[in-house]
Colleague: 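The following block contains the structure, expressed as structure tokens.
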Amino acid sequence: MSNKRNTVLVCQGTGCVSGGSEQVFSLLKDEIEDSGHAEDILIKRTGCHGFCQQGPLIVIEPEGIFYTKVKTEDMPEIIQALLPGGKPTERLLYRDPITDKPIPHYREIPFYNKQERTILKHCGYIDPEDINDYLEIGGYKALRKAISEMTPEGVISEVKGSGLRGLGGAGFPTGRKWESCRNVYGEIKYVVCNADEGDPGAFQDRSVMEGNPHSVIEGIIIAAYAIGAEKGFIYVRAEYPLAVNRLKIAIEQARQEGLLGNHILDSDFSFDLEIFQGAGAFVCGESTALVRSIEGKRGMPKVMPRPRTTEEGLWNKPTLLNNVKTFANIPLIISNGSEWFAQRGTEKSKGTAVFSLTGKVTNCGLIEVPMGATLRKIIFDIGGGVPGGKAFKAVQTGGPSGGCLPADMIDIPVDFDSLTKAGSIMGSGGLVVMDEDTCMVDVARYFLDFTQRESCGQCIPCRLGTRQMFEILDDITKGKGRHGDIDLLVELSESIKRSSICGLGKTAPNPVLTTLRYFRDEYEAHIHEKRCPAGVCMMQEENE
């Protein structure tokens with residue numbers, strides 16, 4: 001992308017920005033200019049490089065030199081290393097956690113070379129605020145191909161053939177949803193991108209929007225062409241200011257290039273896009289609640305039975321709604337073909353999965369692996385295992401709507417169907433690792449506290465049931481558990497799952513049910529022995 005001798009890529013994702021990378025970028029840019037070597041060295045901001053545990057990060061291309069935990073005072077050494085005859089600054093290189101030997105190139109670091117990046121491939125290498133960077137890597141060629149060489153039906157057929165499933169959590173076949181929306185009559189149709197990422201510990205949608213916003217926008221435009229929509233919205237929570245700003249810049253740049261607006265690429269197809277900032281309600285991740293929020297109403301799910309949003313969505317018009325990562329896959333599918341995409345993954349879960357890997361794991365960050373990769377590969381090969389010599393105990397998948405899987409399930413493949421069978425879900429892509437010092441009853445209490453607070457309050461099972469479950473769990477962690485509490489938790493869980501009107505309520509009991517299923521002995525110790533096996537719950541102090 002540049003004929004300069006070195007390109008310095010400074011991570012400007014939210015994680016690195018919070019660690020001071022904006023100051024690093026600004027100072028480095030000034031010092032490169034002052035050095036008199038600006039003609040040989042290009043400095044660029046990028047989105048998230050993924051290895052958040054080591055930020056702020058800098059990558060020097062073309063060698064792939066990888067600097068970690070960079071500070072402003074490191075600039076003179078970095079500049080010196082960039083000059084002819086300079087050598088990498090060894091003290092800033094990533095060090096192997098076992099041998100403590102420096103690893104100069106990011107391609108040699110297990111965190112990176114054990115992954116298979118497609119959606120994230122360019123997030124740490126292009127300037128998200130410069131459309132030319134996206135165009136240079138083939139950006140918007142898929143849109144041009146779709147409009148000039150394919151019919152809307154042909155686009156949908158390609159998406160169906162890829163096997164892509166919605167990556168917001170439900171996993172519904174994307175092509176079938178598009179086909180359903182196209183087949184519904186309507187003079188006005190809408191496309192909505194769900195970027196309301198609300199799971200605790202999840203940041204993968206945010207990182208894609210911050211690092212490669214045009215990939216999402218291009219996917220949305222192709223979807224609009226396929227279903228016959230002329231208007232679209234990106235519903236993103238206001239707590240994501242950097243993502244919102246970069247999306248705004250990208251949308252305006254796309255308009256200036258004739259990629260949004262009237263007669264896109266000199267065709268008969270017209271489509272425009274705007275951002276809608278949500279107020280951070282977890283329930284607005286549900287399709288009908290999200291739709292109501294855009295309409296200016298309180299974000300509350302519609303009661304079943306009801307028409308799907310593909311039939312009656314925004315302002316009762318047919319509306320296609322997909323997740324950020326789902327849309328980001330579309331240009332890849334159209335450019336490379338459905339067979340190329342379907343080569344990755346499992347028989348029923350195609351492509352790759354993007355996860356935010358957090359918790360008690362050595363390498364926290366943003367990762368991408370083929371569907372079907374095992375938890376062992378994710379947590380140990382990529383994540384580096386549990387730090388401090390502690391034993392791996394469990395992993396939470398799917399956020400507060402997911403479940404906690406124990407250590408003996410470490411070889412389970414991570415895909416939609418395998419996780420559902422185990423009592424959890426894929427969700428939007430959060431993975432929280434827990435070690436031997438984690439109390440599973442306390443973990444269940446934490447997630448029930450979250451879901452009962454986030455309940456919209458519309459239906460009694462969710463509004464009162466989750467609160468009652470939280471109060472029981474809270475009592476158990478305080479040494480006030482009673483005989484019969486476990487049976488009551490199961491009864492409440494089944495009732496809430498069966499009777500709630502939306503996905504938040506139906507999945508809210510999952511953390512409790514899975515911890516009861518795999519860690520029942522911890523509940524019994526709390527209730528019958530007034531003892532927390534992990535030593536987390538202050539049982540004794542509460543009983544004094």
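Predicted model, so just to flag it, every value in this text is computed and none were measured.
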Colleague: Among Asp205, Thr174, Asn329, exactly one meets side chain to side chain donor-acceptor pair (under 3.5 Å) together with Asn323. Which residue is that?
Modeller: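 Of Asp205, Thr174, Asn329, side chain to side chain donor-acceptor pair (under 3.5 Å) with Asn323 is met by Asp205 alone.
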Colleague: On a heavy-atom basis, which atom in Asp437 and which in Val536 lie closest, and how many Å separate them?
Modeller: O-CG2, 3.1 Å
Colleague: Calculate, to the nearest 0.5 Å, the distance between atoms CG and OG belonging to Leu513 and Ser424 respectively.
Modeller: 11.5 Å
Colleague: Are Asp74 and Lys71 close enough for a salt bridge, meaning some N to O gap below 4.0 Å?
Modeller: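 Looking at Asp74 and Lys71, the cut-off is not met.
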Colleague: Report the C-alpha separation of Phe25 and Cys16 in whole Å, then their side-chain angles, then the decisive distance to 0.1 Å, and conclude whether the side-chain contact (heavy atoms from CB on, under 4.5 Å) test is met.
Modeller: CA-CA 11 Å; Phe25 177 83; Cys16 283; over 6 Å; no
Colleague: Mind running salt bridge (charged side-chain N to carboxylate O under 4.0 Å, His left out) on Lys393 and Glu522 for me, showing each step along the way?
Modeller: CA-CA 13 Å; Lys393 185 173 185 177; Glu522 292 197 28; 2.5 Å; yes
Colleague: Is it true that Asp411 and Arg376 make a salt bridge, defined as a side-chain N closer than 4.0 Å to a carboxylate O?
Modeller: yes
Colleague: For the residue pair Pro533 and His526, what are the closest heavy atoms and their distance?
Modeller: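 The answer is CD-CE1, 3.6 Å.
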Colleague: For Arg467, is the CZ atom crowded, meaning more than 12 foreign heavy atoms sit under 6.0 Å from it?
Modeller: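 No.
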Colleague: For residues Leu93 and Pro104, report the shortest heavy-atom separation together with the two atoms involved.
Modeller: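 Distance-wise, the nearest heavy atoms are CD2-CA, 3.8 Å.
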Colleague: Passes side-chain contact (heavy atoms from CB on, under 4.5 Å), Phe355 versus Met426? Steps please.
Modeller: CA-CA 10 Å; Phe355 295 106; Met426 177 78 73; 3.7 Å; yes
Colleague: In this structure, which one of Gln468, Met469, Glu491, Lys506 forms a side chain to side chain contact (heavy atoms under 4.5 Å, CB included) with Ile496?
Modeller: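 For Ile496, the side chain to side chain contact (heavy atoms under 4.5 Å, CB included) check succeeds only for Met469.
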Colleague: Sub-3.5 Å donor-acceptor pair from the side chain of Lys177 to the main-chain atoms of Leu321, do we have one?
Modeller: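 Pair found, side chain donor or acceptor close to backbone of Leu321.
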Colleague: Go through the steps to decide whether Ile410 and Thr374 satisfy the test side-chain contact (heavy atoms from CB on, under 4.5 Å), and finish with yes or no.
Modeller: CA-CA 7 Å; Ile410 191 68; Thr374 64; over 6 Å; no
Colleague: Calculate, to the nearest 0.5 Å, the distance between atoms CD1 and CG belonging to Ile382 and Leu431 respectively.
Modeller: 10.5 Å
Colleague: How long is the span from the CG atom in Asp127 to the OG1 atom in Thr46, to the nearest 0.5 Å?
Modeller: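 It is 8.5 Å, given to the nearest 0.5 Å.
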Colleague: Output yes when Glu368 and Lys325 qualify as a salt bridge under the 4.0 Å nitrogen-oxygen rule, no when they do not.
Modeller: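 Salt bridge between Glu368 and Lys325, a charged N being under 4.0 Å from a carboxylate O: no.
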Colleague: Does Lys497 NZ have over 12 foreign heavy atoms under 6.0 Å away?
Modeller: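 Enclosed: over 12 neighbouring heavy atoms sit under 6.0 Å from NZ of Lys497.
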Colleague: Below 4.0 angstrom, N of the basic side chain to O of the carboxylate: do Lys421 and Asp417 qualify?
Modeller: no
Colleague: Between Thr466 and Ala508, which heavy-atom pair has the shortest distance, and what is it?
Modeller: CG2-CB, 3.9 Å
Colleague: Under the ring pair (Phe, Tyr, Trp, His ring centres under 6.0 Å) rule, collect the residues that match up with Phe111, sequence neighbours excluded.
Modeller: Phe51
Colleague: With Tyr518, which residues qualify under ring pair (Phe, Tyr, Trp, His ring centres under 6.0 Å), at least two apart?
Modeller: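 Checked Tyr518 against ring pair (Phe, Tyr, Trp, His ring centres under 6.0 Å); zero matches.
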Colleague: Inspect the surroundings of CD in Glu347 and state if more than 12 heavy atoms from other residues, nucleotides or ligands are less than 6.0 Å away.
Modeller: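 No, CD of Glu347 has 12 or fewer neighbouring heavy atoms, counting only those of other groups under 6.0 Å.
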Colleague: Can you sort out the partners of Tyr106 under ring pair (Phe, Tyr, Trp, His ring centres under 6.0 Å), two or more places apart, ordered by chain and number?
Modeller: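 Listed in chain order: Tyr112, Tyr125.
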Colleague: Nearest 0.5 angstrom please: Ile476 CD1 to Cys532 SG, how far?
Modeller: 12.0 Å
Colleague: Taking atom CG as the centre, does Leu488 end up with more than 12 heavy-atom neighbours from other residues, nucleotides or ligands that are less than 6.0 angstrom away?
Modeller: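 Yes, because the 6.0 Å sphere around CG of Leu488 holds more than 12 heavy atoms from other groups.
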Colleague: Which heavy-atom pair separates Pro413 from Gly372 by the least distance, and what is that distance?
Modeller: CB-O, 3.4 Å
Colleague: Between Asp485 and Lys480, does any NZ, NE, NH1 or NH2 come within less than 4.0 Å of an OD or OE carboxylate oxygen?
Modeller: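 No, Lys480 and Asp485 are not salt-bridged.
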Colleague: Above 12 or not: heavy atoms from other molecules or residues under 6.0 Å from CD of Glu116?
Modeller: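 Enclosed.
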Colleague: So that I can tick it off, tell me whether Glu494 and Arg498 are bridged by a salt bridge, with the cut-off set at under 4.0 angstrom between side-chain N and carboxylate O.
Modeller: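 Judged by the 4.0 Å cut-off on N to carboxylate O distance, Arg498 and Glu494 do not form a salt bridge.
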Colleague: Check this for me: Glu90, atom CD, are more than 12 non-hydrogen atoms of other residues, nucleotides or ligands nearer than 6.0 Å?
Modeller: no
Colleague: Could you check if a side-chain atom of Ile367 sits within less than 4.5 angstrom of a side-chain atom of Ile378, using non-hydrogen atoms only?
Modeller: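 In short, these two side chains touch, coming nearer than 4.5 Å.
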Colleague: Nearest 0.5 Å, please: how far is CZ in Arg445 from CZ in Phe470?
Modeller: 5.0 Å
Colleague: Are the side chains of Val283 and Pro301 in touch, meaning some heavy atoms are under 4.5 Å apart?
Modeller: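 Val283 vs Pro301: side chains touch.
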Colleague: Supply the atom-to-atom distance Asn510 CG to Gln396 CD, rounded to the nearest 0.5 angstrom.
Modeller: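 One finds 9.0 Å between CG of Asn510 and CD of Gln396.
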Colleague: Decide if atom CZ of Arg107 counts as having more than 12 heavy atoms of other residues, nucleotides or ligands within a radius under 6.0 Å.
Modeller: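 Yes, the 6.0 Å shell around CZ holds more than 12 heavy atoms from other groups.
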Colleague: Is the number of heavy atoms from other residues, nucleotides or ligands within 6.0 Å of CZ (Arg482) greater than 12?
Modeller: no
Colleague: Take Cys537 and Val441, measure what side-chain contact (heavy atoms from CB on, under 4.5 Å) needs, and give me the verdict at the end.
Modeller: CA-CA 9 Å; Cys537 304; Val441 183; 5.6 Å; no
Colleague: Any carboxylate oxygen within less than 4.0 angstrom of a Lys/Arg side-chain nitrogen, looking at Asp435 and Lys360?
Modeller: yes
